[in-house]
There are 2 protein chains.
Amino acid sequence: MHSTPASAQNTKDAIPALLQDHGISPTAQRVEIAMILLSERQHLSADQVLKRLDEHGAAVSKATVYNTLGLFVERSLVRQVIVDSTKAFYDSNVEAHHHFYNADDGTLTDVDAAEVPIEQLPRVPEGTFAEAVDIVIRIRNTT
Amino acid sequence: MHSTPASAQNTKDAIPALLQDHGISPTAQRVEIAMILLSERQHLSADQVLKRLDEHGAAVSKATVYNTLGLFVERSLVRQVIVDSTKAFYDSNVEAHHHFYNADDGTLTDVDAAEVPIEQLPRVPEGTFAEAVDIVIRIRNTT
DNA sequence: CTGTGTGCAAAGCTTTTGCACTACT
DNA sequence: AGTAGTGCAAAAGCTTTGCACACAG
């Protein structure tokens, strides 16, 4: 392996630093996974991440993909979106936003938080505080 | 087993009729499951339903519980609530409402839809229509 | 007697756990 | 050399599928 100039590429070299900023040691597998997921705004299941790793020739085990994605969520590098009872999606967009979930084809689409203004939140139960508000708008195809 | 007057108990005898109203033939297993889930407003996982069936001495297989709950959802007898990526909850309350999800203990609490007024919904993508809006407010214990 | 519909064992997913191994101190 | 942390094979858990059986027409 030969090194590349630090400033030449932004994405490739920024990833390790980004991981460290979030308290994650940038190992080879983690950088691979982060590069795939963070390369653009997208919603991928663990399975899809694994498939892309294979395509890129990176051999990472299923368990590591799951554990790494879990770690990324814990460290707020990505968001976990739950819409399907049998599969979790990982969202590279961590800014406040909501989702359309197309129940016919299983795809997710972002909705800016500003497009769903909520007048007020209900009072939370005694002894608790609100951590997040997730809105999912289930849509179907008219055809 | 001895029969009870038809009008004496409301719940027990109303269930078969309710199932039929929703186009579901009221077999023994389905009535058992419906009685457990619909006896009161609650959020149960498939697993919890199975456990209660066992406690009531009703022997119904795991597969039948899953398939029956899926059928109930399809026929709008109950609602499926998705908050945990590894488990689905079934909600006996089918009226418009949302949920608090306590991430610390995994419990769900109803929130009346009127308590979360939404000014407007975003325009849905071309060729689709909104089927439902689910709001989940994740809460944590302050302690 | 035929066909539709039901219930369940077994199979198929997704996700977690426990342990060998690595890489720093 | 010791120790904290990483990656993965195997195990566990949730859900679906495929088929034998039951029941209505």
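Small disclaimer: the values here were computed from a predicted structure and weren't measured.
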Rounded to the nearest Å, what distance is computed from the [atom1] atom of residue [X] to the [atom2] atom of nucleotide [N]?
X: A/Q29; N: D/dG5; atom1: CD; atom2: P; answer: 17 Å
X: A/L50; N: D/dA9; atom1: CG; atom2: C1'; answer: 14 Å
X: B/D84; N: D/dG13; atom1: CG; atom2: P; answer: 14 Å
X: B/R30; N: C/dG7; atom1: CZ; atom2: C1'; answer: 9 Å
X: B/I33; N: C/dG7; atom1: CD1; atom2: C1'; answer: 10 Å
X: B/Q48; N: D/dG13; atom1: CD; atom2: P; answer: 15 Å

Legend entry - B/L77 to B/V94 - nearest heavy-atom pair and separation: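 Between these two residues, the closest heavy atoms are O-CG1, 3.4 Å.
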
Inset, instruction - Without swapping roles, check the side chain of A/S92 against the backbone of A/E40 for a donor-acceptor pair under 3.5 Å. - result: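 It does hold such a pair.
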
Inset, instruction - State whether the side chain of B/Q80 and the backbone N or O of B/L69 hold a donor-acceptor pair below 3.5 Å, judged by distance alone. - result: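 Judged by distance alone, no pair lies under 3.5 Å.
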
Inset, instruction - Could you tell me whether the phosphate oxygens of C/dG7, OP1 or OP2, come under 4.0 Å of any side-chain nitrogen or oxygen in B/T64? - result: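 For C/dG7, neither OP1 nor OP2 has a side-chain N or O of B/T64 closer than 4.0 Å.
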
Inset, instruction - Between protein and nucleotides 19-25 of chain D, map the contacts as a letter string: B base, S sugar-phosphate only, - none, heavy atoms under 4.0 Å, written 5' to 3'. - result: -------

Legend entry - Counterpart residues, side-chain contact (heavy atoms from CB on, under 4.5 Å), relative to B/T86 (two or more places apart):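 Per chain and number, B/T86 pairs via side-chain contact (heavy atoms from CB on, under 4.5 Å) with B/D84.
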
Legend entry - side-chain contact (heavy atoms from CB on, under 4.5 Å) partners of A/K51, counting only residues at least two apart: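 Per chain and number, A/K51 pairs via side-chain contact (heavy atoms from CB on, under 4.5 Å) with A/E55.
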
Inset, instruction - Quick one: label B/S25 by what it contacts on the DNA or RNA (base, sugar-phosphate, nothing), any heavy atom closer than 4.0 Å. - result: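 Counting heavy atoms under 4.0 Å across all strands, the contact made by B/S25 is with sugar-phosphate only.
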
Inset, instruction - Identify whether any heavy atom of B/T27 sits under 4.0 Å from a base atom; if not, whether one sits that close to sugar-phosphate; answer base, sugar-phosphate or nothing. - result: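 If one applies the 4.0 Å heavy-atom cut-off, B/T27 turns out to touch the sugar-phosphate alone, with no base involved.
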
Inset, instruction - Any side-chain hydrogen bond (donor to acceptor under 3.5 Å, both in side chains) involving residues 17-27 of chain A? Give me the pairs, sequence neighbours left out, ordered by first then second residue. - result: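 Residue pairs with at least one partner in residues 17-27 of chain A: A/S25-A/R30.
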
Inset, instruction - Not counting sequence neighbours, which residues clear salt bridge (Lys or Arg N to Asp or Glu O under 4.0 Å) with B/R52? List them please. - result: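 Applying salt bridge (Lys or Arg N to Asp or Glu O under 4.0 Å) to B/R52 gives none.
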
Inset, instruction - Please answer: with hydrophobic residues joined when any side-chain heavy atoms are less than 4.5 Å apart, are A/V83 and B/I82 in the same cluster? - result: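 No, because A/V83 and B/I82 fall into different hydrophobic clusters, even though each may have its own neighbours under 4.5 Å.
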
Legend entry - Path from B/V31 to B/I24 over hydrophobic side-chain contacts below 4.5 Å: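 Looking at the clustering, B/I24 is in the same group as B/V31.
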
Inset, instruction - For residues 85-105 of chain A, pull every pair meeting salt bridge (Lys or Arg N to Asp or Glu O under 4.0 Å), keeping only residues two or more places apart or in separate chains. - result: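 Output for this query lists A/D104-A/R140.
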
Inset, instruction - Name all pairs fulfilling the salt bridge (Lys or Arg N to Asp or Glu O under 4.0 Å) condition that reach into residues 67-79 of chain A, sequence neighbours left out, sorted by first residue then second. - result: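 The answer is A/R79-A/D134.
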
Inset, instruction - Using five pairs at either end of the helix from C/dC1-D/dG25 to C/dT25-D/dA1, determine the angle between the two local helix axes and round it to 10 degrees. - result: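 It comes to 10° between the two terminal axes.
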
Inset, instruction - Mind checking the OG1-OH spacing from B/T107 to B/Y101? Nearest 0.5 Å is all I need. - result: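 Here the interatomic distance stands at 8.0 Å.
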
Inset, instruction - Please work out which residues in residues 69-78 of chain A have a non-hydrogen atom less than 4.0 Å from an atom of DNA chain C and list them by number. - result: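 Those residues whose heavy atoms fall under 4.0 Å from DNA chain C, taken from residues 69-78 of chain A, amount to none.
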
Listed pairs under 3.5 Å, donor-acceptor, residues 110-130 of chain A side chains, sequence neighbours left out:
| residue | atom | partner | partner atom | Å |
| --- | --- | --- | --- | --- |
| A/D110 | OD1 | A/H43 | NE2 | 2.7 |
| A/D110 | OD1 | A/H97 | NE2 | 3.4 |
| A/D110 | OD1 | A/H99 | NE2 | 3.4 |
| A/D110 | OD2 | A/N93 | ND2 | 3.0 |
| A/D112 | OD1 | A/A114 | N | 2.9 |
| A/T128 | OG1 | A/P125 | O | 2.7 |

Close N/O contacts between protein and nucleotides 15-21 of chain C (under 3.5 Å):
| residue | atom | partner | partner atom | Å |
| --- | --- | --- | --- | --- |
| C/dT15 | OP1 | A/A88 | N | 3.1 |
| C/dT15 | OP2 | A/Y66 | OH | 2.8 |

Inset, instruction - List in chain and number order the residues that pass side-chain hydrogen bond (donor to acceptor under 3.5 Å, both in side chains) with A/N67, two or more places apart in sequence or in another chain; answer none if no residue qualifies. - result: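 For A/N67 there are no side-chain hydrogen bond (donor to acceptor under 3.5 Å, both in side chains) partners, ignoring immediate neighbours.
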
